[in-house]
Amino acid sequence: MARLLKLLPCAALVLVAACAAPTVPKEQYFRLVAAPATETLAHPFIGIVEAAPLGADGVTGERPLLYTANGGTKLEQRNYAYWTELPTAMIRDQLVAYLRSAGAAEQVVPSELRIGAGYRIQGDIKRLEQSAGDKGDTGIIELELSVIDQSTDQLIMSKVYRAETPAADHSIDGAVAALNAGLQDVLKRFAADIDAR
């Protein structure tokens, strides 16, 4: 009996250690960032272009990063990994900055300024996710972008841009780097289509 009483404190310590909560992962916040354009457009818009925040369906427009392992049919939100802002605003801000650096118009501004812009860019985020596959992960970004003449409501151009960029590894950091590279590619092609209109 005395021996059993001596073992009781040890057993209590084991039980307490077993019941202790696991360490909660640290929350991480990520930005979508595109580098400035390396070339200016030869045929920019005359006047002011405004860009509205993009639209997005359901979870695509929310702050948690998205992950899919079956080609995009089933999406999961990453726990503890978030965009710094809603993707709808963050991508629009990168679009404005990129088009300014490309000299796409006399001025490129966000639509919240409510000034008399000659043209409006609007669009939707179709996909923005990390996709796991047998041959490695990819960052998939798909945007539908349109340019509208404000004075006539005429559609000047509208196109879906998609980039699937291989990630360096299976990490969230690798996926975000791939998505940033994909965003860069999409914005470059959009600016080229503006120049070629």
Report the distance from atom [atom1] of [X] to atom [atom2] of [Y], rounding to the nearest 0.5 Å.
| X | Y | atom1 | atom2 | answer |
| --- | --- | --- | --- | --- |
| Thr165 | Asn180 | OG1 | CG | 9.5 Å |
| Ser131 | Asn70 | OG | CG | 8.0 Å |
| Ile156 | Asp149 | CD1 | CG | 5.0 Å |
| Ile48 | Ile115 | CD1 | CD1 | 4.0 Å |
| Arg78 | Glu76 | CZ | CD | 8.0 Å |

(request) Return yes if some donor-acceptor pair links the side-chain N/O of Thr152 with the main-chain N/O of Gln154 below 3.5 Å, else return no. (result) yes
(message) Checking the side chain of Gln184 only, and the main-chain atoms of Ala35 only, is there a donor and an acceptor separated by less than 3.5 Å?
(response) yes
Are [Y] and [X] connected into the same hydrophobic cluster when the rule is that any two of I, L, V, M, F, W, Y join if their side-chain heavy atoms are below 4.5 Å apart?
| X | Y | value |
| --- | --- | --- |
| Leu54 | Met157 | yes |
| Leu66 | Leu32 | no |
| Leu41 | Ile121 | yes |
| Leu187 | Val109 | no |
| Ile140 | Met90 | no |

Which residues pass the salt bridge (Lys or Arg N to Asp or Glu O under 4.0 Å) test with [X], sequence neighbours left out?
| X | answer |
| --- | --- |
| Asp195 | none |
| Lys188 | none |
| Asp124 | none |

(request) If a pair satisfies salt bridge (charged side-chain N to carboxylate O under 4.0 Å, His left out) and one of its residues is in residues 27-40, list it, with sequence neighbours excluded. (result) none
(message) Give me each pair satisfying salt bridge (charged side-chain N to carboxylate O under 4.0 Å, His left out) with a member in residues 42-64, each pair once, sequence neighbours excluded.
(response) none
Could you tell me whether the side chain of [Y] reaches within less than 4.5 Å of the side chain of [X], counting heavy atoms only?
| X | Y | answer |
| --- | --- | --- |
| Pro25 | Asn79 | no |
| Tyr119 | Ile148 | no |
| Lys159 | Asp193 | yes |

If every non-hydrogen atom of [X] is compared with every non-hydrogen atom of [Y], which pair is closest and at what distance?
| X | Y | value |
| --- | --- | --- |
| Gly139 | Ala178 | N-CB, 3.8 Å |
| Pro44 | Gly103 | CB-O, 3.0 Å |
| Thr60 | Pro87 | O-CG, 3.8 Å |
| Val49 | Ala117 | C-CB, 4.4 Å |
| Val147 | Phe190 | CG2-CZ, 3.8 Å |
| Ala52 | Ser111 | CA-OG, 3.4 Å |

(request) Apply the side chain to side chain contact (heavy atoms under 4.5 Å, CB included) test between Glu129 and each candidate in Leu75, Leu179, Ile141; give the one that qualifies. (result) Leu75
(message) Using the ring-ring contact (aromatic ring centres under 6.0 Å, His included) criterion, which residues pair with Tyr80? Sequence neighbours excluded.
(response) none
(message) Once ring-ring contact (aromatic ring centres under 6.0 Å, His included) is applied, do any residues pair with Tyr67, and if so which ones, sequence neighbours excluded?
(response) none
side-chain contact (heavy atoms from CB on, under 4.5 Å) partners for [X], two or more places apart:
| X | answer |
| --- | --- |
| Arg114 | none |
| Lys135 | none |
| Glu142 | Lys126, Arg127, Val160, Arg162 |

(request) Before giving the answer on side chain to side chain contact (heavy atoms under 4.5 Å, CB included), spell out for Asp173 and Phe30 the whole-Å C-alpha distance, their side-chain angles and the decisive distance to 0.1 Å. (result) CA-CA 9 Å; Asp173 289 337; Phe30 298 91; 3.1 Å; yes
(message) Can you list everything that forms a side-chain hydrogen bond (donor to acceptor under 3.5 Å, both in side chains) with Thr40? Sequence neighbours excluded, please.
(response) none
(request) Show your reasoning for whether side chain to side chain contact (heavy atoms under 4.5 Å, CB included) applies to Leu65 and Ile172. (result) CA-CA 9 Å; Leu65 275 67; Ile172 296 172; 3.7 Å; yes
(message) Walk me through whether Asp185 and Arg189 qualify under salt bridge (Lys or Arg N to Asp or Glu O under 4.0 Å).
(response) CA-CA 6 Å; Asp185 177 60; Arg189 286 188 280 139; 3.0 Å; yes
(message) Going by side chain to side chain donor-acceptor pair (under 3.5 Å), name the pairs with one or both residues in residues 85-110, residues two or more places apart or in two chains.
(response) Arg92-Glu112
